[in-house]
Amino acid sequence: MKVDIEKFGRIAVITIDRPPVNALSQALRKLIEVRLDEAAGDEAVKGVVLACAGRTFVAGADIEELGEVRPPTLHAVIDKLEALGKPSVAALHGTALGGGLELALGCTFRVANRDARLGLPEVKLGLLPGAGGTVRTTYLIGAEATLKLAGSGNMMGVEAAQGIGLVDAVFDNDLVANAIRFLSDRIDADDIPPPVRHRREAMPACDPQALESLTAELCRKARSSAPELAAQSVRNALTLSFEDAMAEERRLFETATQSDRFGALRHLFFAERAAAKPSGDVAEAEPRAVQTVAVIGAGTMGSGIAMAFANSGFDVIVRETDEAALARGMERIADTYDRSVKRGSLSAEEAGRRKARIAGTVAIADLASADLIIEAAFEDMAVKKTIFAEIDAVARQGAILATNTSYLDVNAIARSTTRPADVLGLHFFSPANVMTLLEIVRGDQTAPDVLATALKLARRLGKQPVVVGVCHGFVGNRMLQARNADLSQLILEGAKPAQIDAAFRAFGWPMGPCQMQDLAGLDIGWRNRKALGETDALPDRLCELGRLGQKAGKGWYLYDDNHKPQPDPDVDAIIAEIAEIGGIARRAVTDAEIIDRTHGPMIAEGRRILDEGIAARSSDIDVVWAHGYGFPRDLGGPMYWDDHLRESAQEKKKV
Ligand code: 3HC
């Protein structure tokens, strides 16, 4: 870690260098402060460029150290920069995020590389910007634009940032040289605006009502009240003096860093990165090159996988068994892209480029050119074994063969080929072009370089990978089965489906298990039970009556034309009848019992998964649940919740 200072005529360039992302630790802040003092004390220096070495400008405060207050604070460093008495310019490349953008706001100007991105992502950690990010930004770009940035945590490109006045100039190359020239020109022209803190008067106007509805929308989208913190601070920027608004922002920030929510979200931040990182023999392996990907099966799953790859620039071949099935699959793909264009989330040109990357075939021989072949066919071992034997016969040497099975034994599938070392599971979640989770299933014989390739692919696809071992249902679906194992019994004892779903939503889930089963189709579980020779009287009866879920217009609920679920007295009658046959006494079941009897077994299964080595870390399980099943991020994942929050939540309820 170092911070250099170098003079180019009358301009001093201070370069921050702390790989990998120049995160502002306390030690780094100290070094920056020293260089700022040097620049301030040097008479010959008339202006300062603040730049970063490596792949990015400062990507924020050091998340490891958040919550500690050790001088010099970031506030103090930014104040010093703002009070240099000489104009300064931040030269932004890569990502200027959180404390990084706040540092840049301490400069008189901001210039950037064309591909740089800016953001205030603190909300994703349950925080708000803590060093002027809401106050100075509001002065510069207005309350609404600031809230959009700080309340969503999304990054913004530099052209948009220039459009709203957050960036003063954009360059295509030679950023630091251009920053020096930019500052020199401004000095020569005597065109130096006051520090941002003194630009309150020039602040763009804002409609308070628009601010309120934006806040509500941000909270709804985030399924969290965290954006309210930024909203409160933006309101303060409008109504309080600079000093008071800054003090209040800092107080809100410090309180938020002591919250359970921040603890949980910080845990997920590091958990996600740990899960994506190759370790052991995989870290040493060289990933194989992949450009052409073949997908076997053009059903919902197969077409989703094909789009996920096409969206990230891969060439894709979709293979179906007959022309009619292939045509249906290709139509499904085209429809999805057309809908995105209609919604405005994709341009017609980009949709065209993506469609053009996907070719269809019925000839298995056409898969010979693929670097990776993913089977997404019917969930049946015999079918999969036949397909893998076929692929084995045509795939080129060195191609990776993957199955998208959700439950089946990847080792058995691998053994149906002559090259089990090239076989692994790539378990995408539906819809595969949208959902971020990718369970990478390591078979007994999967080669390290095959796993290294899968992890690299996940990054290119923008997916969150988690490496798991072979067992029935891997991490996610195995725990889901455990979560739902007691569901029928709970209902027969007296908890209605609507009460169960409401208890789940109150916990923070996007939907409860009954609604989820209705959405996926109750026949999935029914078919599985039949295959295993098992029964579950209540859902079996619903299926026998044609209540297969939303697609049938009825399942646990009755659905209207807008797919809105309504409790159905017919279901109540079925429940009462089966409870009576089983001699089950009906009683009131509390929401707390519902959570205990579903989440308890799920977590116990997670512990078994860890003991068996199916997941490498407890935090990997949390990542699976946060990305694949909508476990509330604010609670950190099921294992984190159980280890850190469950008891204190119960205690709070008792009080
Ligand atoms: N603090 C500490 N470590 C950080 C960090 C940060 N702010 N940002 C990234 N890292 C670490 C990661 O943990 C990872 O470490 P590892 O290699 O040991 O696993 C390494 O840097 C590289 O990170 P990524 O794998 O995420 O690299 P990418 O290139 O994919 O992404 C990034 C780079 C976009 C900068 C991404 O890391 C990111 O979004 N970082 C977090 C940014 C953030 O949240 N900033 C706000 C912090 S809070 C704040 O600033 C408070 C202030 O208002 C007072």
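Counting starts at 1 for both ligands and their atoms, in listed order. Here, residue 1 is the first one in the sequence, and each next residue gets the next number.
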Can I get a per-line list of side-chain donor-acceptor pairs under 3.5 Å for residues 632-639, giving both atom names and the distance, sequence neighbours left out?
{"from": "Arg633", "atom 1": "NH1", "to": "Glu272", "atom 2": "OE2", "distance (Å)": "2.9"}
{"from": "Arg633", "atom 1": "NH2", "to": "Glu272", "atom 2": "OE2", "distance (Å)": "2.8"}
{"from": "Asp634", "atom 1": "OD2", "to": "Ser224", "atom 2": "OG", "distance (Å)": "3.1"}

task: Please list, by chain and number, the protein residues whose heavy atoms come under 4.0 Å of ligand 1.
output: Pro20, Val21, Ala23, Arg55, Ala59, Gly60, Ala61, Asp62, Ile63, Leu66, Thr95, Leu97, Gly98, Gly99, Glu102, Pro121, Glu122, Pro129, Gly130, Phe253, Phe269, Phe270, Arg273, Lys277, Arg459

message: Going by salt bridge (Lys or Arg N to Asp or Glu O under 4.0 Å), name the residues that satisfy it together with Glu350, two or more places apart in sequence or in a different chain.
response: Arg353, Arg354

- prompt: If you measure only the distance, is there a donor-acceptor pair under 3.5 Å linking the side chains of His267 and Asp622?
  reply: yes

message: Once you measure the plane-to-plane angle for Trp625 and Trp509, does it fall in the parallel (<30°), tilted (30-60°) or perpendicular (>60°) bin?
response: perpendicular

Pair up each side-chain donor or acceptor in residues 116-134 with any protein partner under 3.5 Å, not counting sequence neighbours, and list the distances.
{"from": "Thr134", "atom 1": "OG1", "to": "Ser233", "atom 2": "OG", "distance (Å)": "2.7"}
{"from": "Thr134", "atom 1": "OG1", "to": "Glu249", "atom 2": "OE2", "distance (Å)": "2.3"}

SB check Arg35 Asp37 (cutoff 4.0 Å): no

